Amino acid sequence: MADREAASAALGDGPLSRQISAGMLAWADELTRNAGTNEGKGSNNWVLAGTRTVSGKPLLANDPHLGLSAPAIWYFAGLQAPAGQASDGTPMGAIDAVGATLPGMPFVVLGRTDKVAWGFTNTGPDVQDLYLEQINPADASQYRTPEGWAPFTVRNETIRVKGQADVALKVRSTRHGPVLSDVQKSHADVLDLGKYVLALRWSALDADNQTVLAGLQTNQAKSVDALFAALSHYHSPMQNVVAADDQGNIRFKAAGRSPVRDLANDIRGVAPSPGWDARYDWKGWLPYDQTPEDNGARGWIATANQRVTAPDYPHYLTQDWALPYRYERIAQLIEATDKHDAASMQAIHRDVTSLATRRLLPYLQQAKSSHPLAAAAQQQLQGFDGGMDAGKAAPLVFAAWTDELARGLIVPRIGDARFTATYGKRDYRAALEGILERNDPWWCQPASCAEQSAAALGRALDRLQAAYGADPAQWRWGAAHPALSVHRPFGNVPALARFFDVSEPSHGDAYTVNVGQYNAGEAKGPFVNRHAASLRAVYDLADLEQSRFIYQTGQSGLVFSPRYRDMSSTWAQTGYRALQRQPASWAHELTLAPAPAAQ
């Protein structure tokens with residue numbers, strides 16, 4: 001009640017309305033600035049055949065990694081509907097599914113029926129190409145194509161603004177897609193917009209999207225075969241789908257649209273292509289029967305955004321696969337146990353060992369810094385094996401050192417402006433690994449790599465001492481690395497953020513199974529965990545009513561509801577709740593029935 005009264009008082013304050021407006025502007029600016037980042041690519045899923053389980057039936061786990069938000073992106077629901085037909089007469093099977101869904105979706109996105117369970121990770125194909133379109137110097141309403149000049153498609157949009165005049169916006173499109181440089185002012189810094197514009201080709205903008213049909217049919221599936229037949233209609237974004245049924249079948253397949261590019265296309269979407277050259281046009285879509293797949297012959301399948309194509313795979317999907325550390329750790333943990341059960345699947349979800357940290361850790365432990373806290377910090381690193389535990393100091397020392405090392409090695413070579421623009425959007429960890437392992441004198445000059453490492457440690461300790469005090473034994477990774485579920489836009493308003501945001505100390509880093517991604521390029525909260533498991537689920541095909549789930553806030557989107565954040569601490573501790581189609585008791589029930597026909 002006190003919190004409620006405080007919030008009411010705050011909302012009545014004149015300056016608060018200005019804070020809210022500033023918060024909304026900050027939110028919009030952040031959305032624009034971070035468009036095109038690698039956020040959203042991270043996730044884990046794995047499935048075990050009955051030959052690798054105690055029960056003899058499959059087990060499946062999934063934890064899609066997304067930007068944390070409050071309310072959470074997901075909510076859990078059970079969906080039941082009788083068989084019937086669509087308005088156009090198309091027969092519709094009975095639906096009986098439970099799991100995670102999204103606002104506005106008429107089906108369960110991630111979950112199970114009474115016979116089959118499934119989980120997604122992002123395949124991450126390159127499905128966005130930019131095209132440099134040349135404007136006709138004699139007629140600015142036209143642009144150049146392989147067949148000659150063609151008119152832009154133009155539509156007028158009117159945006160109504162409260163208290164101000166309407167904003168009229170002319171939107172141009174080419175044969176590739178919308179012209180971005182009409183609204184992205186930064187394009188004028190690199191292009192003469194009187195001569196050229198930039199257009200976007202993106203698979204998700206195509207109108208033939210039948211993802212809703214795919215979703216409805218997955219919710220009717222009674223087998224792995226039926227599930228993947230349904231997913232043949234799935235469009236965007238392409239997903240690595242693992243599935244299992246109660247008959248013992250397991251499978252992986254990439255579902256969704258990925259473009260086929262000409263073999264002569266030497267740019268492959270890495271940079272803007274000349275829009276008037278036909279060799280850079282997409283040549284169609286990769287057929288569903290040719291997308292990556294695995295029938296689980298070795299007894300298990302796992303994906304974690306790593307490369308899912310074999311070296312001889314004939315089609316180009318992307319060159320931006322995630323580093324394979326999460327996949328490798330999942331594989332280690334699966335192989336370490338002969339027969340798994342639901343508890344061992346949950347233990348894999350809890351794992352905080354970072355194989356990426358282990359790879360660089362020796363260079364930190366060998367760093368010889370003259371900083372007054374260096375000896376105490378090195379003492380915290382003794383026995384550290386890469387476990388990114390929220391209660392330890394060593395992960396924080398390591399994270400600050402890698403951040404300072406990246407700045408010290410890369411900024412002098414690419415410049416501060418380019419580094420600032422890309423840091424956090426691009427992963428420099430692989431670069432650091434290569435530089436140190438090669439002892440690369442070009443990158444480390446004018447010092448040696450060992451000297452650069454020591455200097456980075458000194459800078460890191462200066463930062464940590466200023467933020468957390470002079471006793472490294474008291475530093476904690478979780479204090480610097482809370483999982484922060486931000487409300488948009490009120491998380492940008494200090495007077496409201498404490499009511500709307502949800503924060504919990506968290507384990508992990510970008511490379512742990514129990515993931516905790518942070519953006520060290522953020523000036524405020526560089527180690528804050530903003531991108532983690534948006535949900536966790538474990539499905540037991542021996543008894544699907546024993547399945548479990550959790551996500552990081554709560555089922556309610558009402559900030560003062562007791563259900564707004566009641567799962568947050570359980571989620572942070574990698575706990576679960578039951579995911580049942582027929583729970584023993586109901587707290588609430590809502591039945592929707594068609595309205596009677598008009599007489």
Side-chain angles (χ1 to χ4, degrees), residues 43-63 110 112-113 115-125 218 221-232 234 238-256 258 286-315 317-318 321-322 324-342 344-349 351 355 513 537-544 547:
S43 299
N44 305 315
N45 63 17
W46 64 95
V47 60
L48 278 63
T51 56
R52 297 299 305 268
T53 70
V54 173
S55 70
K57 291 289 189 177
L59 290 163
L60 187 148
N62 188 203
D63 54 297
L110 293 172
R112 66 178 184 85
T113 65
K115 301 289 185 181
V116 62
W118 65 94
F120 288 179
T121 72
N122 198 323
T123 313
T218 61
K222 301 295 185 180
S223 68
V224 164
D225 285 343
L227 181 88
F228 283 108
L231 288 169
S232 66
Y234 178 78
M238 180 177 263
Q239 299 292 311
N240 297 321
V241 185
V242 298
D245 62 32
D246 63 356
Q247 298 303 303
N249 301 298
I250 68 170
R251 194 179 306 165
F252 149 71
K253 188 168 181 61
S258 182
L286 181 61
Y288 186 56
D289 63 2
Q290 297 179 34
T291 65
E293 58 185 341
D294 185 339
N295 64 6
R298 65 175 167 177
W300 62 271
I301 310 166
T303 78
N305 316 110
Q306 84 286 0
R307 179 185 291 275
V308 294
T309 57
D312 60 351
Y313 185 69
H315 303 290
L317 292 184
T318 182
W321 305 102
Y325 292 117
R326 284 182 287 110
Y327 169 78
E328 291 171 354
R329 184 58 178 167
I330 292 168
Q332 286 179 359
L333 294 171
I334 290 174
E335 292 291 3
T337 300
D338 184 50
K339 299 284 187 178
H340 286 267
D341 57 15
S344 65
M345 299 284 276
Q346 294 169 13
I348 298 175
H349 267 158
D351 188 75
L355 299 183
V513 179
V538 174
Y539 307 96
D540 186 345
L541 276 297
D543 182 0
L544 278 166
S547 300

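Computed from a predicted model, the values in this text were never measured in an experiment.
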Practice task
Given salt bridge (Lys or Arg N to Asp or Glu O under 4.0 Å), test D351 with R329 step by step and report yes or no.
Solution key: CA-CA 9 Å; D351 188 75; R329 184 58 178 167; 2.9 Å; yes

Problem - Electrostatic pair R251-D294, nearest N-O below 4.0 angstrom - result: no

Exercise for the section: Indicate yes or no: at least one non-hydrogen side-chain atom of W118 is less than 4.5 angstrom from one of T218. Expected result: yes

Practice task
Measure across V538 and Q346 and return the closest heavy-atom pair with its distance rounded to 0.1 Å.
Solution key: CG2-CG, 4.0 Å

Exercise for the section: Spell out, as yes or no, whether a donor-acceptor pair under 3.5 Å connects the side chain of T113 to the backbone of K115. Expected result: yes

Handout entry: Whether N122 side chain and Q239 backbone form a donor-acceptor pair below 3.5 Å
Key = no

Handout entry: Nearest heavy atoms of N62 and N44, plus distance in Å
Key = ND2-O, 2.9 Å

Problem - Donor-acceptor pair, side chain of N240 and main chain of F252, under 3.5 angstrom - result: no

Exercise for the section: State, to 0.1 Å, how close H340 and S344 come at their nearest heavy-atom pair, and which atoms those are. Expected result: ND1-OG, 2.9 Å

Exercise for the section: Kindly say whether K57 contributes a backbone atom to a donor-acceptor pair with the side chain of S55 at under 3.5 angstrom? Expected result: yes

Handout entry: Approximate separation, where rounding is to 0.5 Å, of L286 CG and L317 CG
Key = 6.5 Å

Exercise for the section: Please tell me if the side chains of Y288 and K253 come closer than 4.5 Å, counting only heavy atoms from C-beta onward. Expected result: yes

Handout entry: Check: S43 and F120 side chains under 4.5 Å, non-hydrogen atoms
Key = no

Practice task
Give, for atom CD1 of I301 and atom CD of E293, the distance between the pair rounded to the nearest 0.5 Å.
Solution key: 10.0 Å

Problem - Residues I250, L48; criterion side-chain contact (heavy atoms from CB on, under 4.5 Å); working and verdict - result: CA-CA 7 Å; I250 68 170; L48 278 63; over 6 Å; no

Exercise for the section: Given side-chain contact (heavy atoms from CB on, under 4.5 Å), test T318 with R307 step by step and report yes or no. Expected result: CA-CA 9 Å; T318 182; R307 179 185 291 275; over 6 Å; no

Fill in the blank from the handout: dist L355:CG -> Y327:OH (nearest 0.5 Å) comes out at 13.0 Å

Problem - Backbone N/O of A304 and side chain of Q306: donor-acceptor pair under 3.5 Å - result: yes

Problem - Pairing residues for D543 by the salt bridge (charged side-chain N to carboxylate O under 4.0 Å, His left out) criterion, not counting sequence neighbours - result: none

Practice task
Dump the intermediate steps for side-chain contact (heavy atoms from CB on, under 4.5 Å) on V308 and W321, then the final yes or no.
Solution key: CA-CA 9 Å; V308 294; W321 305 102; 4.0 Å; yes

Exercise for the section: Would you check, one step at a time, whether the test side-chain contact (heavy atoms from CB on, under 4.5 Å) holds for T53 with K339? Expected result: CA-CA 4 Å; T53 70; K339 299 284 187 178; 6.0 Å; no

Problem - Flag side-chain contact, heavy atom, 4.5 Å: W46 against I334 - result: yes

Practice task
Please confirm whether the backbone N or O of G119 pairs with a side-chain atom of N45, one donor and one acceptor, at under 3.5 Å?
Solution key: yes

Practice task
In plain terms, say whether R52 and E335 are close enough for a salt bridge, that is, a side-chain N and a carboxylate O under 4.0 Å apart.
Solution key: yes

Exercise for the section: Please report the shortest heavy-atom distance between G256 and M238, naming the atom on each side. Expected result: O-CE, 3.0 Å

Problem - Closest approach of A302 to I330 (non-hydrogen atoms, all atoms of both residues) - result: CB-CG2, 3.9 Å

Completion exercise
In this structure, CG of D540 is separated from CG of D246 (nearest 0.5 Å) by 11.5 Å

Problem - Flag, side chain of D245 to backbone of N249, donor-acceptor distance under 3.5 Å - result: yes

Handout entry: Minimal non-hydrogen separation, T291 against A254, with atom names
Key = OG1-O, 2.7 Å

Exercise for the section: Please examine the side chains of Q247 and V224, heavy atoms only from C-beta on, and report whether any two atoms are closer than 4.5 Å. Expected result: no

Handout entry: Results of side-chain contact (heavy atoms from CB on, under 4.5 Å) for A221 - residues two or more places apart only
Key = V116, A226, L227

